[in-house]
Number of protein chains: 2
Amino acid sequence: MTDGRLRAGEVAEAAGVNVQTLRYYHRRGLLEEPHRSNGGHRRYPPEVVTVLRLIKAAQRLGFTLDEAAELIDAASPRSGRRGGGLRRQAMNKLTEVEQKIADLRRIRHTLTQAVDAGCDDLMTCAASPCCPLGL
Amino acid sequence: MTDGRLRAGEVAEAAGVNVQTLRYYHRRGLLEEPHRSNGGHRRYPPEVVTVLRLIKAAQRLGFTLDEAAELIDAASPRSGRRGGGLRRQAMNKLTEVEQKIADLRRIRHTLTQAVDAGCDDLMTCAASPCCPLGL
DNA sequence: GGTAAGGCTGTACCGGGGTACGGAATGCAA
DNA sequence: TTGCATTCCGTACCCCGGTACAGCCTTACC
């Protein structure tokens, strides 16, 4: 039946995910259950591939799956609370990312100090007053 | 018996970890099993608190528990392969941290673009040729 | 209508870092 | 010595993001 609907394997292939991952996303509520064939096989509309790509893009941007679900929900035309959702969440995430960068910079600084101190024995280093780890 | 040895709860309290976490670290091989009382209770030497603080510091620096175990092992005076271990691992981790910072900067860039685009409907945004998410 | 590829379900497992529970035994102070 | 806090041990469970397997069923194509 060439009705434009896709089988699970085709969706998975097109989106670059595992078929099991599709089921996992259904369980997690990230994807709606599609219509089934008489035999119980899922027949996906092609749009689901875009949704999957969105999820993957959100993950790359540091969103968790729950956050990705919220993003998709906020972006859904069927969602009552349209407008501002995506933008607001992206801005919040931007703040988180800034914070992570700052944290990592501090970590980098500490590691650099540890390397520069030529500190090669943690117990001795930890006991010394100049220990960059601040124990 | 005031012999300077600490009970599990005292160690946990001093190091700011859960008592269960001590047992977990023993299982993971991060902490040596200490001497036991006649009744089988662990009596820790005070130094173990420093080791725990080292583990926590290593975690803050982005090391996994396995890596922390290696660091402690490399730092132990009883370890045959002293010298260079800590420094080398710190340098490796430094490279990883630099990479993470670069990744986050790219993410920040993309998020900024998404916010600037005022994109508030993912499906529409994804379909547009100017979509910063690059779907 | 046969057959192979693909899909269905439930369940278990991975790794990382723990936390919780229950029942018995110990430790310690009054 | 009594009584309460603490610790013991094994085991199970948590979150996160999946992945794997077994055994059966459907679909698609020849």
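Every chain is numbered from 1, with letters handed out A, B, ... down the list of sequences.
- Atom-to-atom, NE2 of A/His35 to P of D/dT26 comes out at 20 Å; the value is rounded to the nearest Å.
- When rounded to the nearest whole Å, the span between CG of B/Asn38 and C1' of C/dC28 equals 15 Å.
- Between the CZ atom of B/Arg5 and the P atom of C/dC28 there is a distance of 14 Å, rounded to whole Å.
- The nearest whole Å value for the distance from the CG atom in A/Leu31 to the P atom in D/dG18 is 12 Å.
- Counting to the nearest Å, the P atom of D/dT27 and the CG atom of A/Leu6 are 16 Å from each other.
- Residues B/Val19 and B/Val48 fall into different hydrophobic clusters, defined by Ile, Leu, Val, Met, Phe, Trp and Tyr side chains chained together at heavy-atom separations under 4.5 Å.
- Rounded to a whole Å, the CD1 atom of B/Ile55 is 12 Å from the C1' atom of C/dG17.
- Within the structure, every side-chain polar atom (N or O) of A/Lys56 is placed at least 4.0 Å from both OP1 and OP2 of D/dG17.
- Here B/Thr21 reaches the OP1 or OP2 of C/dT19: one of its side-chain N or O atoms lies under 4.0 Å away.
- The salt bridge (Lys or Arg N to Asp or Glu O under 4.0 Å) search around B/Lys100 returns none, not counting sequence neighbours.
- In terms of modelled atom types and a separation under 3.5 Å, the side chain of B/Arg53 and the main chain of B/Gly16 share no donor-acceptor contact.
- Taking every side-chain heavy atom of A/Arg27 into account, D/dT19 is the closest of D/dT19, C/dG18, D/dG17.
- Tested against B/Arg42 for a side chain to side chain contact (heavy atoms under 4.5 Å, CB included), the candidates B/Arg7, B/His26, B/His35, B/Arg5 yield a single pass: B/His26.
- Neither OP1 nor OP2 of C/dG17 sits under 4.0 Å from any side-chain N or O of B/Tyr25.
- When all heavy atoms of B/Val17 and B/Lys56 are compared, the pair lying nearest together is CG1-CE, 3.5 Å.
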What does the list of N/O pairs under 3.5 Å between the protein and nucleotides 5-9 of chain D look like, with a distance for each?
{"residue": "D/dT7", "atom": "OP1", "partner": "B/Gly9", "partner atom": "N", "Å": "2.6"}
{"residue": "D/dC8", "atom": "OP1", "partner": "B/Arg42", "partner atom": "N", "Å": "2.9"}
{"residue": "D/dC8", "atom": "OP1", "partner": "B/Arg42", "partner atom": "NH1", "Å": "3.0"}
{"residue": "D/dC8", "atom": "OP2", "partner": "B/Arg42", "partner atom": "NH1", "Å": "3.3"}
{"residue": "D/dC9", "atom": "OP1", "partner": "B/Arg36", "partner atom": "NH1", "Å": "2.9"}
{"residue": "D/dC9", "atom": "OP1", "partner": "B/Arg36", "partner atom": "NH2", "Å": "3.0"}
{"residue": "D/dC9", "atom": "OP2", "partner": "B/Arg42", "partner atom": "NH1", "Å": "3.1"}
{"residue": "D/dC9", "atom": "OP2", "partner": "B/Arg42", "partner atom": "NH2", "Å": "2.9"}

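- The CD atom of A/Glu67 sits 16 Å away from the P atom of D/dC15 (whole-angstrom rounding).
- Within a 6.0 Å sphere centred on CD of B/Glu13, heavy atoms belonging to other residues, nucleotides or ligands number 12 at most.
- For B/His109, the side chain to side chain contact (heavy atoms under 4.5 Å, CB included) test picks out B/Gln113, with sequence neighbours left out.
- Separating the CG atom of A/Asn18 from the P atom of C/dC14 is a distance of 17 Å, rounded to the nearest angstrom.
- Contact annotation: A/Ser37 side-chain N/O to D/dT27 OP1/OP2 distance is under 4.0 Å.
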